[in-house]
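One structure is given here, and the rest of the page talks about it.
Not measured: the values here are computed from a predicted model.
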Amino acid sequence: MRALSKSWRTARGRLASLFLTVLIAAGLAVAIPGCTTNPVTGRSQLMLVSENQAIDASRSAYVEMLAPAREEGRINADPAMTARVQGITEKVVAQAVKYRPETADWDWEIAVIEAPDTVNAFAMAGGKMAIYSGIIEQLKLTDDELAQIIGHEIAHALSAHTAEKMSVALASNLALTGYALSGDRSQLALTGAALGAVLAVQLPHSRGMESEADRIGIELAARAGYNPDAAASLWRKMAAQANGGQPEFLSTHPAPDSRQRELTRLADQYRPLYDEARRGSVPTHPVN
């Protein structure tokens with residue numbers, strides 16, 4: 001998996017160029033940049049690519065990204081670990097659907113990739129997610145800490161961050177080439193968009209996106225019955241891991257020094273939801 005991870009990092013720059021090339025070759029036609037409102041937080045977002053378009057692109061990109069591991073039999077290879085991840089994910093997704101009821105129609109899916117050397121996880125539009133065995137094993141995650149990672153990734157999907165990152169990347173590339181933006185969005189405009197969805201996974205989240213995912217993720221996990229204090233303990237483990245070389249997770253989920261303090265504050269804020277969830281039953285939502 002180390003070789004695969006290295007190949008993805010090497011391909012990152014090529015993906016950006018290829019994405020732009022394919023879009024230009026296809027005769028890109030997109031609307032002039034505008035802002036839409038984040039469906040969860042209310043923050044204004046640049047959206048050259050709609051959430052539905054990002055979901056369609058992510059569906060193809062997800063299959064492409066998992067293909068090498070699937071061919072090698074490294075997807076959901078450990079039944080016990082897969083069942084553990086699936087069980088936690090179903091509980092957290094059930095809370096996400098309460099946030100945005102329309103996401104009940106998403107084809108939620110999480111893959112566990114057997115890769116002991118890779119400390120990483122990611123989410124794409126439409127609830128397509130993956131977590132690498134290395135982040136679970138190397139950090140010796142408790143269920144509460146694992147729920148924080150899953151909640152954080154679900155929050156990225158819930159907040160349309162893939163569409164936003166695709167839009168920012170697209171706008172930046174077009175600005176660099178001086179390409180004109182005109183006309184209406186169309187299916188033709190998304191030729192090659194799967195490449196943009198892959199690129200969006202490789203690009204770092206902004207400070208604002210990370211703050212949103214932290215807050216929403218802790219709340220979702222707390223409502224699902226997972227201790228919010230685990231968010232801070234997770235990032236302490238991540239920081240310790242970084243001393244021996246930065247985990248891949250931190251290349252796309254940057255962690256400012258103040259993050260643990262903010263996570264502790266959020267844990268105090270959402271602890272009543274956790275206490276309430278522990279007193280009652282927590283529903284689940286089917287996840288592939």
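Across every non-hydrogen atom of N227 and Q148, the tightest pair is O-NE2, 3.3 Å. Taking all atoms of both residues into account, the shortest heavy-atom contact from A121 to I149 is CB-CG2, 4.0 Å. Residue A157 comes nearest to E51 through the heavy atom pair O-OE2, 4.0 Å, listed as atom of the first residue, atom of the second, then distance. Taking all atoms of both residues into account, the shortest heavy-atom contact from I113 to A130 is CD1-CB, 4.0 Å.
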Task: Criterion side-chain contact (heavy atoms from CB on, under 4.5 Å) on R70 and V63, from CA distance to verdict - done: CA-CA 9 Å; R70 194 177 299 281; V63 172; over 6 Å; no
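Remark: the backbone N or O of D107 is paired with a side-chain donor or acceptor of K128 at under 3.5 angstrom. In this structure a side-chain-to-backbone donor-acceptor pair under 3.5 Å is present from Q53 to S50. Under the 3.5 Å distance criterion, the side-chain polar atoms of W108 are matched with a main-chain donor or acceptor of T103. Using a distance-only test at 3.5 Å, with no hydrogens or angles considered, a donor-acceptor pair links the side chain of S233 to the main chain of A230. Remark: side-chain polar atoms of S133 are paired, donor with acceptor, to backbone N or O of A115 under 3.5 angstrom. Between the side chain of Q86 and the backbone N or O of N288 there is at least one donor-acceptor pair closer than 3.5 Å. Remark: the backbone N or O of P228 is not paired with any side-chain donor or acceptor of Y270 at under 3.5 angstrom.
Residues R265 and D268 are not paired through a salt bridge, judged by the lack of any N-O separation under 4.0 Å between the basic side chain and the carboxylate. Between R279 and E276 there is no salt bridge, since none of the side-chain N atoms of the basic residue sits less than 4.0 Å from a carboxylate O of the acidic one. Between E145 and R236 there is no salt bridge, since no side-chain nitrogen of the basic residue lies less than 4.0 Å from a carboxylate oxygen of the acidic one.
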Which atom pairs, one a donor and one an acceptor, fall under 3.5 Å between side chains of residues 134-141 and the rest of the protein, sequence neighbours left out?
unit_1 : atom_1 : unit_2 : atom_2 : d
Q138   : OE1    : Q241   : NE2    : 2.6
Q138   : NE2    : P116   : O      : 2.7

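Side-chain polar atoms of Y99 and E219 form a donor-acceptor pair below 3.5 angstrom. Remark: the H156 side chain and the E210 side chain contain an N/O donor-acceptor pair separated by less than 3.5 Å.
V119 has its side chain within reach of M238: a pair of non-hydrogen atoms, C-beta onward, lies under 4.5 Å apart. You'll find the side chain of L158 reaches within 4.5 Å of the side chain of I216, heavy atoms only. Using a 4.5 Å cut-off on side-chain heavy atoms (C-beta onward), R223 and Y274 make no contact. Looking at Y226 and I88, their side chains come closer than 4.5 Å, going by heavy atoms from C-beta outward. D78 is not listed as a side-chain neighbour of V112, based on a closest heavy-atom distance of 4.5 Å or more. Residues E262 and D214 form no side-chain contact, since every pair of their non-hydrogen atoms from C-beta on lies 4.5 Å or further apart.
Ring pair Y62/F122 is perpendicular by interplanar angle, where above 60° counts as perpendicular and below 30° as parallel.
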